[in-house]
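Heavy-atom basis, side chains included; hydrogens, waters and symmetry copies ignored.
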Amino acid sequence: MDNNEPQRRPGRFNVRLAGSTSITAMALAIGAAYAPAYAQSTPPQETATVVVTGMRAALESALNKKREDNGIVDVIKAEDMGKFPDTNLAESLQRVPGVVIDRDAGEGRSITVRGLGQDFTRVRINGIEGLATTGGTDSSGGANRSRGFDFNVFPSELFNSLTVRKSSSADVDEGSLGATVDLQTTRPFDLKGFNATVMAKGKYNDLSKKTDPRVGFLVSNTNADRTLGFLISGAYSKRQVLEEGFSTVRWDNGPSSGGWCAPQGVTANPSNSTATTCGPAAQGVPRLPASAAATAAYNEASKAENFIPRLPRYGRLTHDQDRLGLTGSFQWRPARGSLLTFDMLYSKLDATRQEDFLEAISFSRTATQGGKPQTSVVEAQFAPNGSLLYGKFNGVDVRAESRFDELSTTFTQPTLTLEQDIGDSLRLLAKVGTAKSKFRNPVQTTTTLDALNVNGYTIDFRQNDRMPSISYPFDPANPGAAMGIVGVPVATSGTQPASVANTTTSEIRIRPQGATNTNDVGQLDLVWEANDRLSFKTGVNYKKYSFDSYEFRRVNQGDTIFAPPAGTSMASLMTTISGFGKGQNLPAGTATSWVIPDLNAIAKAYDIYCNCIKSGPAGGPGDFTLSSITNGNARGNNRSVTEEDKGFYLMGDFNQEVAGIPLRGNFGARYVKTGMSATGYQSAGGGSAVTVDNDYSDVLPSFNVAASLTKDFIVRLAAAKVMTRPQLGNLSPGGTVATTGTLTITSGNPLLKPFRAKTFDTSFEWYHGKNAFIGLGLFQKNISTYIQSLRTNVAFKDTGLPMSLLPSNFNGDEIFQVTAPVNTDGGKLKGFELNFQQPFTFLPDWGRNFGTLINYTHVKSKIEYLVSPTANTTITDDLLNLSPRSWNTTLYYDDGKFSARLSASQRASFVTRVPGQNNNDVEGKNKSTNVDVSISYKINDKLDLTLEGVNLTNEPNDQFVSRARNSVVVNNVTGREFLAGLRYKF
């Protein structure tokens, strides 16, 4: 029954869990699953109030909600303001069986449900679909321009329940292959009378050595007859975190980027080498003298089966976040059987991030950039699997790179809901709302200091394959040593070049960007209670979703610069970081301090934000003008998508007894038509807008049944057809069109069909005692359509692109080679979940206050991925973001005054890209285990003391490339966090 039901029907017995939700007494006494079958012998009872508080209240309320639902759901409840089991919504959701999370800066950002990533999960807030997006590090996905929901946008204190709907029903709108997640804020009629709560915590991070505030409040009131109520709540937190460690960006093999500089006595590589220099003599980079050792090292490093890191580097990322969230809710019962609810949610996430690296850049660059073909292999050792163990190199370009981002996300969502009884058996529900997420990254600036062609650079993985020992032939912390700004010389005559031949000079990259997502939703439902055992529900809904993304970059697409202005000392453009790697057991000799560019000083000296030409020709090193659509590097992120979804459904809810077994559930179907319009920019004419329309429809039947085989044992069956719309990036018609030579088109594909699947679920649930539960869930998803990128031959007239992009002598019948995402066959995903919840009430004395929650999930899926768009070779591997195994366990204690919780969560390794880049089969993340603790002591009825520890093992973000090598891509830590605070309830 809805918490806010305007008219209570006779014969119902309402019980309130303090700070939680109204449920029926029959649910507590005999379970809602079989209430009708047993209610005939139970006389009507008068309303009573049972007060249950503490951690047990939240667990009991959540378990009752799971038991009562007709579908397969899992619920997390907050017993009071600030009492969510974690400080982050995603980290709370990882306690749910089948749910695993991905982190950014050590904080949960996105979720995967039963092996299906964030693009396959829909999120509703107060019943309205929303999409909150923000920016992350490049290794964590960067700016979110997908359909995935970033849970770190919101303070967890704003919500009182999370529901993960794993099975589908016709009344829940479409869009999910994985799950639908419902986030619910507190409303005034959830509480009684006047309520006020304040909380304040201090959070200390042992890596950044910073202490930050976390505060919140809630105020609500209802009048005596509960016809009017209001509620406001708010939460603010600051988070200052260091993220430190080693990264490589990717790995590549020996022949990549043009191969190594050959020693003397070996056939020259590159071919323009002289007898003594690597490449043109003008660069003056010497080849190694002829020797057997030099030849052997060169030959070993040049093998296609041997791999080296492209950008080996230690780095520090400094994150500074401010998160503010506010809710408001007003409820009014103007008459018996009527309820009007207005909800408002606002959240603002402001952040800055500075990324400082000390890196070798030669291994990822070609001869024209002065890279790998200018680098000589002095010594090299490789493991049998092809991974570099030790290397010593000459002619290495070393760089100190610093990137600074300003980021903000503003999320707003007003929602208006009407619930109206029409007579005794008909009920109307109407809902309208708008969810808007505006992400802005107005400053994304990268500056560099460089030292070219240094000799004696070494990297050694022999002691630790995640944190190598790196040595430099100079002191990287000395501003007067090798590092400095390498500028493009000013031409004294003729044309001013924009770069230096066969050299990578210092750079200033400027890349402001942003994205806006808007969901406008309207829904109307009618519920007809035909009798006590059968009701019908029908409804229509309309959703308009719009996505708009932009990016600017310098017109100078090489991002090169001139030398500093006359009179500017090099030292004035530098600063230093120090104290790197504390507590990380870094290899001996690792640089813990190095010079980095001083962005403020460089910005002032060069006037980099003028959006103008400071000196020299247009497009040259002195041009700081920004462009977007006409810029080949920025054009792809200038795009938009608009979707209009019109849906209709019909569903029946039943509650019957068959052969003496109480059955309840629903059956029905949803019809939805999706109309989509996507706009992108082709390269023709320096950026031509292309808009393509597409539409498709789906009929999505669904069925859920729960059979109460005994009083406490429920078996559930569910089946449905489901769909998820294509990823936003794949829908852009933008790209390039070549109408000379080989006719080619590279673009997105706005004509993609959605992901479609048939799902089957079975759940066995034994509620064997109060707050005790054992469950087994079996699931299978037959994914019939998937999306991959490959190359096909298509007549231009069948691409959906306008004829105006073609020369006048073309008629549209010409066959183009099109590289784009297309629909391909999917595969099967199947698995099982084990769920165990047990209070230790069987123990004597204080032992009975303990309890545990344990769950384990196993998922298996195999998809054939195309390795090459021109070959039939495939890689068979897991779905992206699918961890084959995951588990969560919690041991808790709660005696009503003192409570404590120790939790651990683990997810197995998973792949994030198939095939991998740079001659690798896959890319992914290794296994992770997170351990947290929470303690609360009730000083009196109004005041609680809380202590928490987060990430107690300082788990690294460990990313890899290659199944066989497991080569490190990122291995960063963010430190342990400890919180202490007070909560006061008036």
Side-chain angles (χ1 to χ4, degrees), residues 248-250 252-264 266 268-288 298 301-302 308-313 357-378 391-401 446-459 470 472-474 476 481-491 496-509 554 556-564 570 597 620-621 633 918:
T248 63
V249 182
R250 291 184 296 277
D252 210 339
N253 66 4
S256 66
S257 301
W260 306 98
C261 175
Q264 297 179 36
V266 177
N269 184 61
S271 59
N272 59 355
S273 298
T274 70
T276 57
T277 64
C278 300
Q283 264 58 54
V285 182
R287 295 171 69 178
L288 289 179
Y298 170 77
S302 298
I308 63 163
R310 287 169 56 83
L311 280 165
R313 59 190 188 178
F357 298 103
L358 180 62
E359 60 197 14
I361 64 173
S362 295
F363 308 131
S364 65
R365 283 164 166 72
T366 62
T368 58
Q369 300 166 299
K372 196 171 172 182
Q374 285 185 12
T375 302
S376 297
V377 185
V378 181
K392 183 175 182 179
F393 306 92
N394 284 354
V396 176
D397 297 340
V398 177
R399 166 170 284 183
E401 177 179 324
T446 301
T447 53
T448 72
L449 303 174
D450 292 272
L452 301 182
N453 299 314
V454 302
N455 295 333
Y457 171 91
T458 67
I459 181 168
I470 300 177
Y472 303 89
F474 59 89
M483 305 294 284
I485 290 179
V486 179
V488 177
V490 177
Q496 170 64 55
S499 60
V500 177
N502 304 295
T503 303
T504 296
T505 61
S506 298
E507 303 171 7
I508 296 178
R509 307 172 198 153
R554 287 180 64 186
N556 172 4
Q557 297 190 45
D559 296 316
T560 56
I561 55 176
F562 286 124
M570 194 67 69
N633 288 334
N918 305 103

For the student: nearest non-hydrogen atoms of V500 and G487, plus distance: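 Heavy atoms only, the tightest pair is CG2-O, 4.5 Å.
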Between CG of N394 and SG of C261, what distance do you get to the nearest 0.5 Å? 9.5 Å
What I want to check is whether the side chains of T505 and T503 have a donor and an acceptor closer together than 3.5 Å. no
Counting N and O atoms only, with roles assigned by atom type, does the side chain of Q374 sit under 3.5 Å from a partner on the main chain of N502, one being a donor and the other an acceptor?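 Side chain of Q374 to backbone of N502: a pair is present.
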Hey, what's the ring geometry for F393 with W260, parallel, tilted or perpendicular (30° and 60° as the breaks)? parallel
To the nearest 0.5 Å, what is the distance between CD on Q264 and OG1 on T277?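 One gets 9.5 Å once the value is rounded to the nearest 0.5 Å.
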Between Y472 and V454, is there a side-chain heavy-atom distance shorter than 4.5 Å?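 V454 does not reach Y472 side chain to side chain.
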Stepwise side chain to side chain contact (heavy atoms under 4.5 Å, CB included) test for R310 and S257: CA-CA 10 Å; R310 287 169 56 83; S257 301; 4.3 Å; yes
With side chains defined as the heavy atoms from C-beta onward, is the minimum distance between N269 and Y298 less than 4.5 Å?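 A side-chain contact under 4.5 Å exists here.
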Can you give me the closest heavy-atom contact between P489 and F562, atom names plus distance?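 The pair with the smallest heavy-atom distance is O-CE2, 4.2 Å.
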Within the distance-only criterion (no hydrogens, no angle test), does the side chain of Q496 pair as donor or acceptor with the backbone N or O of A491 below 3.5 angstrom?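 Checked: pair present.
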Taking the side chain as every heavy atom from C-beta outward, state whether I459 and P309 have any atom pair closer than 4.5 Å. yes
Keeping T504 on the side-chain end and Q369 on the backbone end, is there a donor-acceptor pair under 3.5 Å? yes
Is it true that a side-chain atom of S362 and a backbone atom of D397 form a donor plus acceptor pair closer than 3.5 Å?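 Checking the backbone N and O of D397 against the side chain of S362, a donor-acceptor pair under 3.5 Å is found.
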How long is the gap from CG on N455 to OG1 on T375, to the nearest 0.5 Å?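 Spacing of CG (N455) from OG1 (T375) equals 10.0 Å.
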Partner of S506 under side-chain hydrogen bond (donor to acceptor under 3.5 Å, both in side chains), picked from T447, D559, D450, is D450
Going by the rule side-chain contact (heavy atoms from CB on, under 4.5 Å), which residues pair with A482 if we only count those two or more places apart in sequence or in a different chain? A451, F474
Looking at every non-hydrogen atom in both residues, tell me the closest pair between M483 and L449 and how far apart they are. CE-O, 3.4 Å
If I compare all heavy atoms of P286 with all of S376, which pair ends up nearest, and what's the gap?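 Residues P286 and S376, closest heavy atoms: O-OG, 4.1 Å.
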For the CD atom of E507 and the CD1 atom of I361, what is their distance to the nearest 0.5 Å? 7.0 Å
Hey, what do you get for CD (Q557) to OG (S499), rounding to the nearest 0.5 Å?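 One finds 12.5 Å between CD of Q557 and OG of S499.
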Do T448 and E359 pass the side chain to side chain contact (heavy atoms under 4.5 Å, CB included) test, and can you show the C-alpha distance, the side-chain angles, and the key distance before you say yes or no? CA-CA 11 Å; T448 72; E359 60 197 14; over 6 Å; no
Any heavy-atom pair between the side chains of S364 and D252 that's under 4.5 Å?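 The answer is no; the side chains never approach within 4.5 Å.
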Checking K372 side chain against G254 main chain: does a donor-acceptor pair fall under 3.5 Å? yes
Between R287 and P263 (side chain of the first, backbone of the second, donor and acceptor by atom type, cut-off under 3.5 Å), is there such a pair?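 Looks like yes, one N/O pair under 3.5 Å.
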From R399 atom CZ to L452 atom CG, the distance as rounded to the nearest 0.5 Å: 9.0 Å
